[in-house]
Amino acid sequence: MYASVIVQISSKNVDRLYTYKIPDHLKDKIQPGSRVFVSFGPRMIQGFVIEVSQHTDLDPSKIKEIQKVMDIEPVLTKELIELSKKLADYYVERHIKVIEAILPAALKMKSKSVLKLSNEASLEAVNQFKQFHNDKINVKNLTMDDLKLLIPFINSKDIYEEKEFEQHTKMKTRRGIESNYLDARPSSRAVKQIELLELVENKGPMTYESIEEEGYSIGIINALVDKGFCKKIDILVERDPFEGRVFYEDKKKVLTDEQARAFKAINQSIQNNTHETFLLHGITGSGKTEVYLQVIEEVLNRGENAIMMVPEIALTPQMVNRFKSRFGDDVAVMHSMLSHGERYDEWRKIREGRARISIGARSNVFAPFDNIGCIIIDEEHESTYKQNERPYYHAREVAKWRAEYFNCPLILGSATPSLESYARSEVNVYKRLELTKRPTNQTLPTPEIVSMSKEREAGNTSIISRNLDMKIRDRIEKDEQMILLLNRRGYANFLVCQNCGHVPMCPNCDISLTYHKSNASLMCHYCAYEEPMPHACGVCGEHDLSLRGTGTQKIEEVLRDTYNVDIVRMDIDTTRQKGAHEKLLKQFEEESVPILLGTQMIAKGLDFKNVTLVGVLNADTILNLPDYRANERTFQLLTQVSGRAGRGDIKGEVVYQTYNEDHYAIQLAKNNNYREFFLREMEFRKLARYSPYYFHILFTVSSENIEDVIKASSDVHKEIQNHVSKSSIIIGPSPSPIERIQNKYRFQIILKYKSEPELFDVLHKLDTKYSINYQKTKTALRIDVDPEYIM
DNA sequence: AGCACGCCGACT
DNA sequence: GTCGGCGTGCTC
């Protein structure tokens, strides 16, 4: 028996299968998907079995044996292995990288070097070794002087080096006891001991904590152990990220006609075991979640599993709570803020069948269920579903492949679907289901557009228009709450010298530095470069520096000064800590803080009954980005954030402040006319030959040397040109919108194509060429298939 | 990725 | 003559 193994070395050179012999004693333990330990060249490494076969054409003398199997159950299912191959091919990625993305990081191996004394060591070596008071020495802890003393013995083989491997994350254990199940009992006078012994025998092994909770002291435990009735053991415990939280039961709701129609259509696909993609297009507050919940219930009833995707789990605590309340312990939560260990625990719950629903962000699409009954992607248009580092996969695409494999429905939900998905529903590739009403019959608020240029003309230079100011004061007076959105973090956008016009720039990137007041510094949002706020202009030396543009930090101050009320601010800077999102939202809700101010992270999914006003302070920030999806993103953001208002009994109001009051993205968001926006935007996409009319691939060449970048990008261009048909369009090479990041110059090429069956072979060849040449030239080529941002 | 092999220049 | 630079090639 032979196993084809992919080794855990992330290099293009070894990105292929290696054949190992399966020793007899491991025959029944090794399957495709097993994590194994093999000798590779001079060292031992971890690998994954991809195939098992009876024969091999290789020279038998070359084949080594598998050393060890790491898990009882294979970590990858057959389906996940197939999926990993497909992903590696489509996203031009090495197979092992994809496998690493599929599995929790905790399964990576960490090795350390230790020194050990050989059996035939000389007396001198033994004496030297004794200085370190251990039977093995961790090389990491040695000083240079220590090493100098030991090296002669290593050379003479008295002391040898060994690599020790440990799981990145250990399973968490607690001290506890287990009964030895003796027939004998403690003496009848030791009442407490007898009680505890019986408890442990009935319940099985118990941790010290749980025993103490039952009211028995450490003394009783020790007595049982001393007399031999019980033994001390380590008990595996699961880390529970939701420890201490109480979930209230969430009752199943009666569906509206529209919801019921949607449910019925999806249920049909579930019952018939057919794959179908549904686009659940429902206005904000139309009760998409209730449809999801009932669909999942149906799937669970059939003994199948469900994957629930949310854009960013930290931002949707209300959704998670609702799932936990409805389905209890059946839910595993894949949280980006979880520690490696916690993530691994949740993963094991799924793999071992102890959880039946998995809810989480992007990587949750790889939840290792072996019997998926439905996959739901909420807010399917969100760009966070696309990973912006390697591998550059899109969770929507992965979900589609998995749903096809399991013959189950894929449900894409959104109030503002991506143009791609809606376009597919227009031609019936996806089945569209519409929810046009809110179940509680609250009407959607009608946003007002305030022209900021007119405000300026009228002499109002504040960032708050007179109209919005009036509404804010009104809400404060009535004790109602409001959400204000400013899509720009930091204090001021940039600093400018009034005298010479100089703007401090990042020395590593072609971007102006952002002023952060909290630490009185200028920061680069691209490379984390930071310098203290200067007192004088670095060019002309004048002290006439002025702050331009406004970030959330500054607005917070302005609001506090103007209205003299409490404010909850949510942006990357205030939510970096674990649990910060929840804490801030809880504060907003429970303490009735009048204003929630934040960047786009506050636009999604929040449901607060007392919020009656939403203000978008600058609707143009995204609109002005050099990206063809800028209109779409603006429309989506405005629609999403408007949906936060008027979720209670009082009708909500929404204000958009903008300098582009006539822009169709803003006008149509105001009228809540998705369809009209779709048609308008499709015209533009068709003319400019963008997605969904064409597929895109973004090539980015980067290097510290600009000449190398120019040379390499023209080479890439030529290579693509030679291998695509006339119907494809190649744009560039041209400098990327941000020409330099972290001291690297960047050029990009955009390929637009409709069908190029042989393209992917060429892409893999290009990738191989550049990754192998990288050592020499330091010129990197990044290939992003279906890019989410073209910048 | 990491390591051995091998071919050139600079030095004891 | 030998030490060490790093280009090349290989790992079942």
Side-chain angles (χ1 to χ4, degrees), chain A residues 1-27 29-70 74 76 81 84-85 88 92-101 103 105 107-115 139-140 147-148 151-152 154-155 157 160-168 389-391 703-705 708 712 764-765 767-782:
Chain A
M1 292 266 277
Y2 299 96
S4 298
V5 173
I6 184 138
V7 292
Q8 196 161 44
I9 298 173
S10 182
S11 165
K12 197 80 199 178
N13 305 331
V14 290
D15 186 40
R16 57 197 180 89
L17 297 173
Y18 288 91
T19 309
Y20 286 85
K21 194 169 181 335
I22 303 177
D24 284 345
H25 69 280
L26 294 178
K27 273 212 163 81
K29 295 190 182 119
I30 290 180
Q31 296 167 48
S34 295
R35 200 158 55 111
V36 292
F37 209 45
V38 292
S39 152
F40 190 68
R43 62 219 148 107
M44 299 293 289
I45 46 163
Q46 180 170 278
F48 297 89
V49 176
I50 300 300
E51 285 157 30
V52 172
S53 60
Q54 296 296 327
H55 302 286
T56 177
D57 297 334
L58 258 93
D59 175 0
S61 67
K62 280 195 150 185
I63 300 176
K64 294 184 186 172
E65 280 195 341
I66 288 179
Q67 297 293 314
K68 195 161 130 188
V69 193
M70 313 294 287
L76 292 166
I81 295 174
S84 68
K85 288 183 192 164
V92 195
E93 188 51 272
R94 9 217 113 138
H95 199 171
I96 189 66
K97 272 260 180 194
V98 176
I99 291 175
E100 281 177 3
L103 294 173
L107 288 177
K108 279 191 198 167
M109 295 287 275
K110 211 171 80 181
S111 73
K112 61 177 181 186
S113 277
V114 293
L115 298 177
V139 175
K140 215 179 76 194
L147 263 175
K148 271 191 197 134
I151 280 171
I154 296 170
N155 291 337
K157 304 234 173 357
Y160 64 97
E161 190 186 357
E162 199 175 88
K163 295 259 182 204
E164 280 196 351
F165 290 85
E166 53 188 53
Q167 200 94 311
H168 219 270
E389 54 193 70
R390 302 186 72 158
S703 165
E704 289 189 11
N705 181 334
D708 286 350
H764 277 275
K765 283 193 189 113
D767 178 56
T768 306
K769 181 173 166 188
Y770 277 86
S771 50
I772 286 170
N773 282 351
Y774 180 74
Q775 295 285 355
K776 214 159 58 187
T777 59
K778 298 281 174 218
T779 305
L781 169 66
R782 165 183 156 162

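Letters go in sequence order (proteins before strands), and every chain restarts at 1.
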- [ ] Name all residues meeting the side-chain contact (heavy atoms from CB on, under 4.5 Å) criterion together with A/T56; count only those two or more places apart in sequence or in a different chain, and write none if there are none.
- [x] A/Y2, A/T19, A/L58, A/I63
Task: Results of side chain to side chain donor-acceptor pair (under 3.5 Å) for A/K29 - residues two or more places apart only - done: none
- [ ] Have a look at A/L58 and say if it touches a base, only the backbone sugar-phosphate, or nothing, with a 4.0 Å heavy-atom cut-off.
- [x] base
Open item on the list: Students often get this wrong, so: under 4.0 angstrom with heavy atoms, is A/T56 touching a base, only sugar-phosphate, or nothing?
Closed with: nothing
TODO: Among residues two or more places apart or on two chains, list those pairs meeting salt bridge (Lys or Arg N to Asp or Glu O under 4.0 Å) that have a residue in residues 12-26 of chain A.
DONE: A/K12-A/D767, A/D24-A/K27
Task: Qualifying residues under side-chain contact (heavy atoms from CB on, under 4.5 Å), relative to A/E100, sequence neighbours excluded - done: A/Q8, A/I96, A/K108
TODO: List in chain and number order the residues that pass side chain to side chain donor-acceptor pair (under 3.5 Å) with A/D57, two or more places apart in sequence or in another chain; answer none if no residue qualifies.
DONE: none
Open item on the list: Going by the rule side chain to side chain donor-acceptor pair (under 3.5 Å), which residues pair with A/S84 if we only count those two or more places apart in sequence or in a different chain?
Closed with: A/H95
- [ ] Would you please name every residue forming a side-chain contact (heavy atoms from CB on, under 4.5 Å) with A/A780, sequence neighbours left out?
- [x] A/S702, A/Y774
- [ ] Pick out which of A/I45, A/V36, A/I50 makes a side-chain contact (heavy atoms from CB on, under 4.5 Å) with A/V5.
- [x] A/V36
TODO: Please list, in 5' to 3' order, the outermost nucleotides of DNA chain C lying under 4.0 Å from any heavy atom of chain A.
DONE: C/dT11 to C/dC12
TODO: Apply salt bridge (charged side-chain N to carboxylate O under 4.0 Å, His left out) to A/K64 and list each qualifying residue two or more places apart in sequence or on a separate chain.
DONE: none
- [ ] Return the set of residues passing side-chain contact (heavy atoms from CB on, under 4.5 Å) with A/K68 (not counting sequence neighbours), or none when no residue passes.
- [x] A/F37, A/M70
Open item on the list: So if I take residues 13-22 of chain A and measure heavy-atom distances to DNA chain B, which residues fall below 4.0 Å?
Closed with: A/N13, A/V14
- [ ] For A/S10, answer base if it contacts any base atom (sugar-phosphate contacts may also be present), sugar-phosphate if it contacts only those atoms, and nothing otherwise; contact means non-hydrogen atoms under 4.0 Å.
- [x] sugar-phosphate
Open item on the list: Dot-bracket, 5' to 3', for DNA chain C please: Watson-Crick or G-U pairs under 3.5 Å, [ ] where pairs cross earlier ones, | where the partner sits on another strand, dots elsewhere.
Closed with: |||||||||||.
- [ ] For A/R43 and B/dA1, give me the distance from atom CZ to atom P, rounded to whole Å.
- [x] 10 Å
